[in-house]
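Got a structure for you, written out below as structure tokens; questions coming shortly.
Below, chains carry the letters A, B, ... as their sequence lines are ordered, and counting in each starts from 1.
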Amino acid sequence: MSAYNFKGLEKKWSPIWEDMDLYKTGDDQGNKNFYCLDYFPYPSGAGLSVGHCRNYIPTDVICRKKRMDGHNVLHPMGWDAFGQPAEEYAIKTGMHPAEVTRINTENYKRQMKLFEAGYDWDREINSSHPDYYKWTQFFFLLLFDRGLAYQSDNFQMYCPQCRIVLSNEESAGGICWRCSSEVVKKRLPQWYFRITDYADRLLDELDDLDWPENIKAMQRNWIGRSHGAEVVFTVKTEEELVHLPVYTTRIDTIFGATFCVLAPEHPDLLQITTEKCRKDVQEYIRSSSTKTDLQRLVASEKGKTGIFTGAYATNPFNGKEIPVWTADYVLAGYGTAAIMAVPAHDERDHAFARKYDLPIIEVIAPDGVPQGVEDEATVADGQLINSGQFSGLSSEESRETMAEFAENNNFGKAETRYRIRDWLVSRQRYWGAPIPIIHCDNCGAVPERNLPVILPDVKSYEPDDTGRSPLAACEDWVNTTCPECGSPAKRETSTMAGFACSSWYFLRFASPNCTDAPFDIEEVNKWLPVDLYVGGAEHAVMHLIYARFWTKVMYDAGMLNFTEPFTCLKNQGMLISYDHQKMSKSKGNVITPDEMIVKYGADALRLYIIFMGPFEAEIEWSEEGLAGTYRFVKRIWNLFLETADFKEIETDEVFQKELRYELARTIKKVTEDIDGFQFNTGVAAMMEFLNFLSVNRDKAASVSAAWRKAQQDFLTVLAPAAPFVTDELWHILGFGGENETIHTQKWPEWVEEDLVKDTVEIVVQIKGKIRDRISVPVNSSKEEIEKIALSREKIQEYLKGSIPRRVIVVPGRLVNIIG
RNA sequence: GCCGGAGUGGCGGAAUGGCAGACGCGACGGACUCAAAAUCCGUUACCUUUCGAGGUGUGAGGGUUCAAGUCCCUCCUCCGGUACCA
């Protein structure tokens, strides 16, 4: 008997499967189609760690099972290749980013093949290739033509560390998503996509998606729809009447407004400021402009700051004049950048009013009882008091009637606002898809329809702090003629953020070689939307929201017949290193699949990755655990070879029945667990079955046919998780011929009748405590079971002759006697 | 603060309202061996025990139920997200 030699098996089988095109996308007319997609990876120089395996191995297992189930499977892989790290490396070494990318993708691909992830490499795509980014540019123009791309020089987030502007999604919490440094505000002309136009649909269409609840919650939060009202206050300056619209979700508290606050960035701030206050206000604007949002927030924890403008605004509801302040606790980018402050019923306004000694007027009484508002704001809804004609109404009804009242009197209306901002998509960087726009003095921003706009070679990839792209230095390329009027014009020198490339790649995989369109609609309709999308949770409000947005735009343009790209989404849990920290190159605690495969083999690694715990759970790496699945594989090898040959002996009917029962139970469990993403318990079921076979190995010959059937089915259900050892044993044991492979066999079905036992053990409880166990025929009636249970000697002893008040019988499970 | 999720042995974790701790790791004992490794067999929640068994136990406290890790209420802790969004 030969010893288990995983290296030999890996060397032998990989090329054989490649020759048979095992992973080629299926195309059988009668089969259902299944599109399984992994997140578009950025090929980093660090290569793959075992953490990445938690993404790629489970999807591979699913796809292998789906193929055996009779599905056409599309499981592609490609590279989100544009981006900063390749460019940074190029800046440091002078190597072209394309070359850096080529080396890194080759390494990723090599590693994926090491653990035998079965991708259809004929469909490999690379977003930095002109054949691909031509279509990214095409979609930019689609958005442009539909009025969804525009230029603006609003404030934007800038990461000084990465020297790059960021979208709001990329700088959530004032922190750069890539390097975690604090972002600052800059004002540069940039390109935006009007994602806010789609806010309602992005929010409402989340409901029906089979996505993790937390991801949906994050998107809902991020979109942040709120229903409120805009109310126009007025300020009389010496020269004119300035309208000052404020946004509030609590119009019911408007009689309690005792001052207004404008963000320091508010456009009308200096206009309304009185001469006397001007100097101080200017100084306040200057000092707050130097702070990051994060610094403002931190500073405000010690106490909010602000300054009086000298102006007074009139509350249209009661004609009262209240002072106007500026303070940086009011955000520039939200609502109207101006608020009415109601210190009695808003914590922030309360803190501000206390600090600057502004009046506090109580106007809401929860359940009709005023709570007092000197020490603390009352934020709960209630009954309106001190509110003129509206007094006595509830908060809820007054929000409606007061908004109507404002509208009827032309000083306001009900309004819905969103937290989400437009998507800042341009980057002053080299390694990205050039934005296909030409700037002409006569015609303005003109689309370049002659695509692709090829990224030219440049001498220096270095971005500068002035906001000029490295492409700007490339004069031959920049200077062109206007496609509309023919006069000299200049190309847009910024490139698109990487998230543009990944907003449509899932469509490209359906027809990766399509040349006259971004995709072949027939192929797209055949495969999409994606049936199963798997990746980490970190893209909840970045990639996943952008991709949904582009899909809806394409739908509106009549290019697609679906509005959501990803039907089912799963997030794998993080893999924590042995030192309880995230794996990272800088911490030096990265474990690579390469070293583990050398030590234990690909099958053991694959099994461990799916067995270590629930798919979504964060789990700590344990090499001892991997050694455990390695032992499991080795035990299969030894036991199956040991029981490979039989001499005919008399059949052991009892054991045969038991074996069939265990086999059926195992097939059922493994089938249901892989389908339900419960790989860990599926593997456990296979381990249990092996334990069962192992304990009964001496009976193998007494049930030879059933034993062989058990071996065959066991290998087949194990094949997706452990492709090498199963194919080898399958051949050694003679289940398939030379040109066959276990991986194209039909997924076994369990025999339902085998799951029916003759007798079943039932526990007998007295008042919920187990006192005895009885074995009864499986189809015994409740009465029969009760009779047997009550007649047991042990039970009689416990009952001591007393007559049970009640007996509950659950056939097949238990008897509970209540004394 | 708000939103989402989770609290079960020494550890990772199992359990359609019906035998808590499957499976794996680790540990302990044994077999094999000159010895070790590997392998195989057994034990392994806690407390008590006359070794038959008895009691306790799923973050805490209440409740529903014949029966609760599972359902309901209150609270605590941890993880993730978000954070002046008016």
Side-chain angles (χ1 to χ4, degrees), chain A residues 3 172-174 212-222 224-226 228 246-251 253 257 261 263 293-294 296-297 300-301 304 327-342 345-349 351-352 379 417-421 537-538 540-541 571 573-574 607-608 611-614 616-629 631-632 634-635 638 669 678 680-691 694-695 761-770 773 804-819:
Chain A
E213 260 331 296
N214 62 326
I215 300 287
K216 292 211 252 185
M218 277 187 237
Q219 290 212 355
R220 288 192 185 107
N221 244 323
W222 190 258
R225 179 162 65 194
S226 79
V246 303
Y247 176 71
T248 179
T249 53
R250 292 298 303 274
I251 194 172
T253 65
V261 187
D293 280 1
L294 212 61
R296 284 187 184 187
L297 187 61
S300 77
E301 261 153 35
K304 296 190 190 310
D328 63 10
Y329 82 89
V330 173
L331 302 180
Y334 183 78
T336 59
I339 62 159
M340 63 171 200
V342 184
H345 304 292
D346 182 282
E347 282 168 20
R348 297 152 301 181
D349 298 343
F352 194 80
V379 293
R417 296 270 171 172
Y418 304 87
R419 224 184 99 126
I420 191 171
R421 312 289 154 80
E538 67 277 7
V541 293
N571 298 129
M574 213 189 321
L607 278 164
Y608 177 59
F611 177 65
M612 64 197 325
E616 302 85 358
E618 178 177 302
I619 293 178
E620 231 166 78
W621 173 260
S622 151
E623 194 169 329
E624 288 82 10
L626 172 54
T629 54
R631 277 196 285 272
F632 171 56
K634 210 157 70 169
R635 288 178 64 215
N638 292 334
K669 181 84 178 137
Q678 318 254 267
N680 54 332
T681 49
V683 175
M686 293 191 274
M687 287 173 165
E688 280 180 73
F689 188 64
L690 181 72
N691 291 344
S694 182
V695 168
E761 192 188 70
I762 284 182
V763 290
V764 183
Q765 300 180 328
I766 295 176
K767 283 195 216 148
K769 291 199 174 173
I770 297 156
R773 288 158 199 279
R805 253 190 318 131
R806 203 177 148 193
V807 180
I808 286 128
V809 181
V810 184
R813 294 209 183 265
L814 55 69
V815 177
N816 193 5
I817 300 163
I818 297 107

Practice problem: Kindly express the pairing pattern of RNA chain B in dot-bracket notation, using | wherever a base pairs with another strand and counting only Watson-Crick or G-U pairs under 3.5 Å. | Solution: (((((((..(((.....[....)))((((((.......))))))((((....))))..(((((..]....))))))))))))....
Practice problem: Between protein and nucleotides 37-47 of chain B, map the contacts as a letter string: B base, S sugar-phosphate only, - none, heavy atoms under 4.0 Å, written 5' to 3'. | Solution: -SSS-------
Quiz item: Looking at the angle O4'-C1'-N9-C4 for a purine or O4'-C1'-N1-C2 for a pyrimidine, is B:rG52 syn or anti, with syn meaning within 90° of 0?
Solution: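 Here B:rG52 takes the syn form, which means its glycosidic angle is within 90° of 0.
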Practice problem: Please state how far atom CG in A:N214 lies from atom C1' in B:rU82, giving the value in whole angstrom units. | Solution: 12 Å
Self-check item: Geometric class of the A:Y608/A:W621 ring pair [parallel <30°, tilted 30-60°, perpendicular >60°]
Solution: perpendicular
Quiz prompt | Torsion-based syn/anti label for B:rG21, 90° from 0 as limit | solution = anti
Quiz item: Expressed as a whole number of Å, how far does the C1' atom of B:rA22 sit from that of B:rG12?
Solution: 13 Å
Quiz item: Is it true that the side chains of A:R419 and A:N221 contain a donor and an acceptor less than 3.5 Å apart?
Solution: no
Quiz prompt | OP1 or OP2 of B:rA67 under 4.0 Å from side-chain N/O of A:R813 | solution = no
Self-check item: side-chain N/O A:K769 vs B:rU56 OP1/OP2, d < 4.0 Å
Solution: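 Yes, within the criterion.
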Exercise. Using a heavy-atom cut-off of under 4.0 Å over every strand shown, decide if A:S226 touches base, sugar-phosphate, or nothing.
Key: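 Sugar-phosphate, no base atom in range.
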Quiz item: Where the side chain of A:F611 is defined as all heavy atoms beyond and including C-beta, which of B:rC66, B:rG13, B:rG24 is the nearest nucleotide?
Solution: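 Shortest atom-to-atom distance from the side chain points to B:rG24.
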Run the side-chain donor-acceptor check on residues 810-817 of chain A: report pairs under 3.5 Å with partners two or more places apart or on a different chain.
from   : atom 1 : to     : atom 2 : distance (Å)
A:N816 : OD1    : A:G768 : N      : 3.0

